[in-house]
Amino acid sequence: MKEWISSLAAPDSNKHLSISPWMIKKPEIVFPHQTLSEAAQILLDKRIIYLPVVDENRYLIGLISRSRIMRILMEQQPLNQTVNNVMIKDPVTISSETSILEAYQIQASCLPVVNSHCQLEGLLTRQALMEAYNYYIQQLQSKEYTAEILNIVLESAYEGICVVDRQAIIREFNSAYSRFLGVRQEDVIGRKVTDVIENTRLHIVLETGVPERGFIQKINGQDMVVHRIPIWKNQQVIGAIGMLIFEGVSEVYHILQRVQNLYVKHLDTENRVEKSVACPLVKKDRVTFDQIIGNSECLQKVKRIGRRAAKVASTVLITGESGTGKELFAKAIHYNSVYANGPFISVNCSAIPEHLLESELFGYEDGAFTGAKKGGKPGKFEQANKGTIFLDEIGDMPLSMQAKILRVLQERNVERVGGTHSISLDIRVIAATNANLQELVKQGKFRADLFYRLNIIPIHLPPLRERKEDIPKLISYSLEQLSIKNGVTPKQFHQGTIKKMMEYDWPGNVRELLNTVEMLLVLCESEVITPHDLPEKFFESSNVQKIESHTHVLKEVPMKDMMEQHEYELIIQTLAECNGNKAKAARKLGIHRSTLYEKLKKYQLL
């Protein structure tokens with residue numbers, strides 16, 4: 001098990017530590033028309049050993065070193081000659097994405113770092129490379145230690161844990177699971193999971209790549225609560241974890257009953273309910289931060305900020321693209337705050353006509369205007385008293401209303417339209433927008449004082465394209481919910497479908513993902529949703545189109561030699577298969593990336 005975990009924990013062969021942090025960024029340069037004397041002066045003043053030679057567009061054309069100038073002096077050659085005459089021409093180059101191991105294998109004292117257009121980005125010395133390589137070895141040792149600790153944790157866990165590889169072969173079967181099934185660990189490790197655990201679906205999770213949380217599985221005649229979690233790496237499922245959470249379903253009911261009793265006791269203590277009255281465990285629309293699906297680092301970060309914000313009464317400004325879940329996040333803050341037992345009032349500032357906005361927000365008195373409701377009507381702020389008001393799309397609010405909103409935020413009281421007295425408020429204010437309020441302030445379309453009053457606790461929700469690792473979990477959750485909503489049998493997602501969905505950028509974010517899952521669930525006739533069921537937009541690739549356009553144009557270019565023609569066609573084909581990823585193409589061709597760049601320049605593919 002330790003070896004298998006180490007293989008997962010160790011840096012991926014395709015994603016070794018990059019040389020980017022170790023290179024000299026914006027190194028000193030010299031132009032080819034400058035003299036050796038000028039180059040020597042730069043080397044001496046800056047106390048450096050190498051100078052890249054570039055043209056006016058920073059295209060790398062050579063390299064000059066201190067040792068080369070010393071050799072010229074020893075040969076008594078003049079120093080007034082230009083750098084172009086004595087520089088090292090066409091030096092071996094690398095990109096900022098080159099791995100430490102790849103660079104370490106290149107026999108060179110200094111490696112210029114260039115971009116895809118051969119423009120200079122940095123310089124990697126041999127000394128820096130050695131330091132990077134030592135750091136990489138330390139990281140490996142650290143990963144091995146982490147794997148050992150993880151192995152100890154798994155063995156100490158109360159829950160039964162089973163880990164399988166991509167062939168559904170059991171790689172780990174901890175003591176808790178062994179005791180439950182009455183088998184020895186050494187007898188099951190290396191066997192197919194379907195031969196060991198009855199009614200398992202781990203092999204299906206390997207195929208679909210979709211996690212299954214909180215499922216019921218009958219084992220040894222008992223209904224068990226289990227989680228099945230796929231292990232993703234490089235957008236491929238390489239294994240899965242099965243976890244036995246409870247000893248049985250009855251244990252879940254006992255836990256729920258204990259929580260129910262505690263809730264009733266708490267309410268009874270405050271004389272809000274009689275002992276004989278049954279109380280709901282939670283409000284129907286109650287939202288917690290755990291219901292915001294995703295384990296990505298960026299989402300966990302904003303959830304931590306949200307939890308801290310919920311503990312205070314400060315105003316919160318939630319920003320983010322449309323469809324990222326701003327209202328869901330606002331509800332989570334509300335239901336985890338001291339205002340949780342009060343109302344949550346949501347107002348879409350862009351959906352209410354401007355002439356009705358004031359009366360909707362602040363309410364009106366009897367006879368305030370023609371058609372006013374008899375007896376008057378409380379506004380949204382009054383309705384939110386002792387709770388939270390959520391001002392969605394605040395960036396679309398008219399300037400005339402912004403001043404009145406600012407006064408409410410400052411004084412915490414509101415006056416109805418046509419009214420003569422103020423009504424005190426005890427509310428939490430959460431605003432949200434997909435607009436750049438700071439830019440609107442500069443344009444004079446949003447009040448600066450209101451912006452600073454709202455922007456006390458800023459929370460920016462990341463778009464889905466920045467947390468694609470959450471997509472499988474979002475699909476799993478939405479499948480279950482949408483199946484119940486539409487009254488249809490849940491379907492399975494093919495692993496290739498999940499991979500294709502993870503490659504898509506999702507401009508509509510989570511909302512677009514949920515709509516897509518619902519569309520596939522309702523319209524797909526088979527039980528397994530394959531990549532062929534996805535809409536056309538998932539197959540649009542600018543990289544592939546670019547490679548295809550190059551293929552069309554360059555096929556017309558005559559080649560002097562049949563070998564070059566074959567090499568050219570092989571590079572084109574490999575780039576197309578790798579969707580334009582040059583690092584991946586170089587590995588597939590079995591050459592260094594720097595060699596591939598040279599060939600790309602040769603065939604005018606850059």
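All values below were derived from every heavy atom in this structure, side-chain atoms included, with hydrogens, water molecules and symmetry-related copies excluded.
Of all heavy-atom pairs spanning Leu521 and Thr489, the tightest one is CD1-O, 4.1 Å. Between Ile229 and Pro211, the shortest heavy-atom contact is CD1-CB, 4.2 Å. The shortest heavy-atom contact between Thr497 and Thr530 is OG1-C, 2.9 Å. Ala103 and Ile19 get closest at one heavy-atom pair: CB-CG2, 4.1 Å. Considering all non-hydrogen atoms of both residues, Ile333 and Gly306 come closest at CG1-O, 4.0 Å. Of all heavy-atom pairs spanning Gly214 and His227, the tightest one is N-ND1, 2.8 Å.
Considering CD1 of Ile100 and OG of Ser20, their distance stands at 10.5 Å, rounded to 0.5 Å. Distance check: Ile170 CD1 to Asp187 CG gives 11.0 Å after rounding to the nearest 0.5 Å. A distance of 8.0 Å separates CD1 in Ile292 from CG in Leu461, rounded to the nearest 0.5 Å. Atom CE in Met502 sits 5.5 Å away from atom CH2 in Trp232 (nearest 0.5 Å). To the nearest 0.5 Å, the span separating CD on Gln481 from OG on Ser476 amounts to 10.0 Å. If you take CG on Asp165 and CZ on Arg171, they are separated by 4.5 Å, rounding to the nearest 0.5 Å.
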- Task: Begin from the C-alpha positions of Lys311 and Arg307 and carry the test side-chain contact (heavy atoms from CB on, under 4.5 Å) through to its verdict.
- Result: CA-CA 7 Å; Lys311 295 178 182 179; Arg307 289 189 178 98; 5.6 Å; no

- Check the pair Ile94, Met23 against side-chain contact (heavy atoms from CB on, under 4.5 Å), reporting the backbone distance first and the verdict last. CA-CA 11 Å; Ile94 57 176; Met23 71 182 187; over 6 Å; no

- Carefully, step by step, assess Leu534 and Tyr504 under the rule side-chain contact (heavy atoms from CB on, under 4.5 Å). CA-CA 11 Å; Leu534 292 171; Tyr504 181 61; over 6 Å; no

- Message: Please determine whether side-chain contact (heavy atoms from CB on, under 4.5 Å) holds for the pair Arg201 and Val226, giving the CA-CA distance in whole Å, both sets of side-chain angles, and the decisive distance to 0.1 Å.
- Response: CA-CA 10 Å; Arg201 285 176 51 87; Val226 298; over 6 Å; no

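Other residues, nucleotides and ligands contribute over 12 non-hydrogen atoms within 6.0 Å of the CD atom of Glu186. Residue-environment remark: NZ (Lys301) stays at or below the threshold of 12 foreign heavy atoms within 6.0 Å. Within 6.0 Å of atom CZ in Arg213, 12 or fewer heavy atoms from other residues, nucleotides or ligands are found, so the atom counts as exposed in its surroundings. More than 12 heavy atoms of other residues, nucleotides or ligands sit less than 6.0 Å from atom NZ of Lys537.
Judged by distance alone, with hydrogens and angles left aside, the side-chain atoms of His494 form a donor-acceptor pair with the main-chain N or O of Gly496 at under 3.5 Å. Between the side chain of Asn234 and the backbone N or O of Gln236, no donor-acceptor pair lies under 3.5 Å. The main-chain N or O of Ile238 is never found under 3.5 Å from a side-chain atom of Lys233 such that the two would form a donor-acceptor pair. Between the side chain of Gln300 and the backbone N or O of Gly294, at least one donor-acceptor pair lies under 3.5 Å. No donor-acceptor distance shorter than 3.5 angstrom exists from the side chain of Asn199 to the backbone of Gln217, with no hydrogens or angles considered. The backbone N or O of Gly209 lies less than 3.5 Å from no partner atom in the side chain of Gln495, so there is not a single donor-acceptor pair. Under the 3.5 Å distance criterion, the side-chain polar atoms of Ser18 are matched with a main-chain donor or acceptor of Ser96. At distances below 3.5 Å, not a single donor-acceptor pair connects side-chain atoms of Ser296 with backbone N or O atoms of Glu469.
When side chains are defined from C-beta on, Leu474 does not count as touching Val517, because their heavy atoms never get closer than 4.5 Å. Looking at heavy atoms from C-beta onward, Leu202 lies in side-chain contact with Cys162 at the 4.5 angstrom threshold. No side-chain heavy atom of Leu129 sits under 4.5 Å from any side-chain heavy atom of Ile106. Counting only heavy atoms from C-beta outward, the side chains of Pro472 and Val210 never approach each other to under 4.5 Å. Counting only heavy atoms from C-beta outward, the side chains of Ile231 and Ile241 approach each other to under 4.5 Å. Proximity of Gln185 to Ser175: side-chain heavy atoms (C-beta onward) are separated by under 4.5 Å at one or more points. Two residues are said to be in side-chain contact when any heavy atoms from C-beta on lie closer than 4.5 Å; Val188 and Tyr177 fail this criterion. Side chains of Leu111 and Thr98 form no contact here, defined as non-hydrogen atoms less than 4.5 Å apart.
Tested against Thr194, the residues Glu198, Arg191, Lys192 include a single side-chain contact (heavy atoms from CB on, under 4.5 Å) partner, Lys192.
At a cut-off of 3.5 Å, with distance as the only test, no side-chain donor of Gln291 or Tyr335 sits close to an acceptor on the other residue.
Counting only residues at least two apart or on different chains, the salt bridge (charged side-chain N to carboxylate O under 4.0 Å, His left out) pairs with a member in residues 491-505 are Lys468-Asp505, Lys500-Glu503.
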Can you list, pair by pair, the side-chain donor-acceptor contacts under 3.5 Å of residues 316-325, counting residues two or more places apart and other chains?
from   : atom 1 : to     : atom 2 : distance (Å)
Thr319 : OG1    : His460 : ND1    : 3.0
Glu321 : OE1    : Arg465 : NH1    : 3.2
Glu321 : OE1    : Asn509 : ND2    : 3.2
Glu321 : OE2    : Arg465 : NH1    : 3.4
Glu321 : OE2    : Arg465 : NH2    : 2.5
Ser322 : OG     : Arg511 : NH1    : 2.9
Thr324 : OG1    : Glu321 : O      : 2.7

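Aromatic ring pairs are classed by plane angle as parallel below 30°, tilted from 30° to 60° and perpendicular above 60°; the pair Phe289 and Phe329 is perpendicular. Note on ring orientation: taking the six-membered ring where Trp is involved, the planes of Trp506 and Phe538 are perpendicular (angle over 60°, cut-offs 30° and 60°).
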